[in-house]
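Comments concern the structure below.
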Amino acid sequence: MTRPLRLRLLLRDLSVAAAFASMAVSGQVPLWALGLVLLAVGVGLWGKRPFARYPRLTSALLVPVAGAIYLAVAAGQMDLVVAACSFAGLVAGQRVLSQSSPATDGQVLLAGLLMIAGGAALSGELLFAVCLLAFAVLACLSLGLAVVESSVPAGEPVPVRAVMRPLGRGTVVAMVGAMAFFVFIPRLNWNMGVRRASPGLGTATSGFSDTVRLGGSGTLKSNPRVVLRARLKPDPQSERLSSYWVGRTYDTFDGVEWTTLGAPSRRNRTRVTLRPGAEKQVYQRIELLPAYGSRTLIALETPAKLGNALAHTATGDRRTQLREQGGDELRFVDDGLGYSYEVYSVPPGTDTDPGKMNEQETDQLLALPETLDPRVEELARRVVGDEKDPLAAAQKLSAWLQREYQYTLELGGDVADPLRDFLFVRKAGHCEHFATALTVMLRTQGFESRLATGFFGGERVGDEYMVRAGDAHAWTHVLVPGRGFVTVDATPADFRTNQSSKVLETLVSLYESMEAMWRNAVVDYSFRDQMDFVRGLTRPPRDPSGKPMARSALPPFRAWVTAAAVGLALYGLVRVLSRRRARPTRQEATRFVDAVERLLARAGLPPREGETLEDVSARLSREAHPLAPLLATLTRRYLEARFGQRPLASGESARLLAELKQALDTSQRPTARAS
C-alpha cells in the first residue's frame, strides 16, 4: 500500500483541531471530550495511527459512548447541542487515529464541518471566526493535495511544491468569494432557536444582585471588560468622566449584607418616569454589552425617564418592557445577550425631591444592625462633632475615612463582622467597605442615608463613552432636606475606577473592538444592514452635527468612488478570466494525453475500460514492462501541465511523443522477427 502524503495528513489533522476549537471556545464542551479529542489529534500529529489495525473494533466502541451521551441528555445532565458536538469530536478523533483512505479522510472532514456548525450554535463569536477561517484554509489545502496525490502513479513523487502555490491562490480566492457572498446575499441567523454562551472572554458579570455581601476580595475591580457604551447629549467632550452610573440602592444592613425594603411592582411598562425632569436634562443612548450579564438598567445619576428598550437576543432584536424593583431599580422584563435603551437624567447638582416616602422607608434610612459594635457610634461622634448639617457631616466623615484608611482588593475571605474588621482591625478595604462605613456611621448620628451601587467613570472612545466591569462601584446617598439624596463618596478618588493593569486593559480593548466589528459586520449583519449599506452610498453627506448638507442633483463623491472601485474590480476579473480562457495549458495537456493513448492503442497497449493514463502507467510498472519508466515520465509531465501550473514548452509535446513512438517501435521489432 502506498504511504499517504505526510503533509496532507498534517493539514487534515490540524483542520480537525481547528474545527473542535471552534466549539471548545464556547466553554461548554465537557472536559472529558476536550481531553480525548486533544489526545487523538496530538497522537495523529505525531504521525501515529494506533487504530489502523482495529478500525471496526474502535468504531464499535463509539456505540456505547453514544448511548451514554444519550442517557446524559435524557437525564437533563447535558445539553443536546453540546452532546452532539462532543460526539462529533470523538468520531473525528477515532477517524484521525485510523488508517488514511479516501473514505476515512472524507469522514474526518465531514465531522469537521459538523463541529464548525456546532461551534456556530454554541458561540459564533470572534474566536469562532478565527477557528472557522483556519479550518477552511487547512481543509481546502488538504483536499487539494488529496486530489493531486490520487492522480500521481504509485511510486511516483507528488509534486508538492508545484501544486501548493496554485492551491494557496485558489484558497484565497475561495475565501474572498465567501466573504462577498456573506456580505451581499441575505441570510438567516445561524443561532435561531439554539442556546448560545455569553460571548467574549469568559462568563459575563456585572456584580449586580439582590444583595451586597460585605467582605471577600474585589476581583471585579480588576476586570477590564467593557460592559457599557453610551452616547451623551450634550457631550461633555471629556476624555474621562467623573460620573456615577447608578443601578440600584440598598437601605437595610444586617451587619454582613445589604438588602432592600419593598417588593417589586407587578406592572410592566415601556417607559418609566421616576421624577420630574429639569430644564437641561442629559440624554443618554446606552448599550449594555453581553459582558454585562444582568437585567438591571444603568443610567447617569440622577435618572428621570428611562425606556424604549431593545433586548438583543440570539434570534434578533425585540422590544422589551421594564419593571420597577425595590431600591429604585429598573429591570428588563426579557432576557437578552445585551440591551440598548434611552435615558434622561437631571444634571449633577440639581435638587431632586425624592417624593413622599412612607414611614417605614424613612425609618429604614436610619436602621442599624442589631450586632453593631458600639465603638462605631463613638467613632462617628468623635469625627462629626457638633455638625448638624447632613451633607457637611457626610463630607467630614468621607474625608476622614479617605485619610485614615487604605484601599485594598486583597482581604482574604469573609469575616464575621466585616465593618468592625474594616474600622478597627484591618483598616483597609475596597469601595463597599468605605461606602458601608460612611452610611452606617451617618445613621449612628441620626442622618438618613443609603448605599448606592453602579459604576464610576467612563472612558471616551470616538464619540462614545465606555465603562468597564472594573468600574463597578459603591457609594453613599445622604438625604438632605430640600435637596433630596446627594452622593458622597468615601472611597479615595484614585481607586474609584477599575484597577486592572494597563497592558491587560489594552489587550482586552483590542480584542473587544475586534469582537464588536465581528458582531456588527457578521453575526448581527442582516438584510436590513445590507440595504442600509447600499442606501448609504447614495445618501447626501452630512455635516459634523449630523444634518444633511446642501442637496445636489449628482450622487455624492463616495458613490462615484464606489462605482469606480466596482468597475475596476469587474475589469480586473474580466481580464483574469480572459487570460485563463486564452491559456492553452490544459487543452494542450489534454491533446497530449490523447495522443499518448492513441500511440499505445496502435502498439497493442490500449487502456482498459475506465483506466486513465495514470492507471496504465501503474499497471505497466507492476508488470515490469520495458515501457513503464518512459510512460511514468510522460504521465508525470502530463499531470504537471494539467494540474501543476507547469505548461508544456513549445515543441516539448512533439518531442515526448516522438520518444514514445520510437520506444514502441523498438519494443515491437523482436515480436515481428519472431513471427
Side-chain angles (χ1 to χ4, degrees), residues 195-196 198 203-213 227-230 244-252 257-277 281-346 352-358 360-362 364-365 450-455 467 469 472-474 477 484-485:
R195 189 188 61 155
R196 287 173 55 185
S198 60
T203 305
T205 178
S206 64
F208 277 103
S209 65
D210 291 335
T211 62
V212 171
R213 185 176 181 83
V227 296
L228 180 152
R229 285 203 301 250
Y244 291 87
W245 304 80
V246 66
R248 63 172 300 169
T249 62
Y250 301 86
D251 54 19
T252 305
E257 282 188 346
W258 281 96
T259 55
T260 303
L261 187 70
S265 169
R266 295 184 177 181
R267 290 181 58 197
N268 297 334
R269 288 181 285 175
T270 304
R271 292 177 64 88
V272 176
T273 300
L274 297 177
R275 55 186 53 85
Q281 298 189 45
V282 180
Y283 170 79
Q284 305 141 63
R285 180 67 185 174
I286 294 178
E287 182 180 6
L288 296 178
L289 304 180
Y292 176 64
S294 175
R295 288 193 287 137
T296 299
L297 269 78
I298 301 295
L300 278 177
E301 234 175 22
T302 304
K305 291 186 295 185
L306 308 92
N308 295 330
L310 288 177
H312 307 300
T313 70
T315 55
D317 297 344
R318 65 169 181 266
R319 290 209 170 274
T320 179
Q321 293 184 314
L322 312 176
R323 179 178 297 174
E324 290 185 72
Q325 306 290 117
D328 289 346
E329 179 190 9
L330 286 177
R331 194 174 290 182
F332 299 106
V333 173
D334 299 312
D335 284 325
L337 292 171
Y339 303 91
S340 57
Y341 53 97
E342 296 177 312
V343 179
Y344 290 89
S345 296
V346 298
T352 53
D353 185 356
K356 187 176 180 180
M357 301 174 65
N358 60 43
Q360 187 180 20
E361 291 174 329
T362 305
Q364 205 63 24
L365 295 176
R450 66 186 183 186
L451 186 82
T453 59
F455 298 90
V467 175
H473 194 48
H477 281 168
F485 285 105

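For reference, positions follow the sequence shown, starting with 1.
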How many angstroms lie between [atom1] in [X] and [atom2] in [Y], if you round to the nearest 0.5 Å?
X      : Y      : atom1 : atom2 : answer
Gln281 : Tyr344 : CD    : OH    : 7.5 Å
Leu451 : Thr252 : CG    : OG1   : 11.0 Å
Arg271 : Asn308 : CZ    : CG    : 4.5 Å
Tyr250 : Thr260 : OH    : OG1   : 6.0 Å
Tyr244 : Ser345 : OH    : OG    : 15.5 Å
Gln360 : Leu261 : CD    : CG    : 4.5 Å

side-chain contact (heavy atoms from CB on, under 4.5 Å) against [X], all qualifying residues, sequence neighbours excluded:
X      : result
Leu289 : Val226, Arg229, Glu287
Thr273 : Lys305
Asn268 : Gln321, Arg323, Val333
Ala309 : Thr320, Leu322, Phe332, Tyr341

For the student: nearest non-hydrogen atoms of [X] and [Y], plus distance:
X      : Y      : result
Ile286 : Trp245 : CD1-CZ3, 4.1 Å
Gln284 : Leu300 : OE1-N, 3.0 Å
Pro303 : Leu306 : CB-CD1, 4.1 Å
Gly247 : Ile298 : CA-CD1, 3.7 Å
Tyr292 : Val227 : CB-O, 3.8 Å

Under 4.5 Å between any side-chain heavy atoms of [X] and [Y], yes or no?
X      : Y      : result
Tyr339 : Arg295 : yes
Leu365 : Phe485 : yes
Leu310 : Arg319 : yes

What pairs with Glu342 under salt bridge (charged side-chain N to carboxylate O under 4.0 Å, His left out), at least two apart in sequence or on another chain? none
Only counting residues at least two apart or in another chain, list the ones meeting salt bridge (charged side-chain N to carboxylate O under 4.0 Å, His left out) with Glu324.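 Checked Glu324 against salt bridge (charged side-chain N to carboxylate O under 4.0 Å, His left out); matches are Arg269.
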Distance-only, no hydrogens or angles: does the Thr453 side chain make a donor-acceptor pair with backbone N or O of Ala474 under 3.5 Å? no
How about Arg275 and Thr302: does a side-chain donor come under 3.5 Å of a side-chain acceptor?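 On atom types as modelled, these side chains do not qualify, holding no pair under 3.5 Å.
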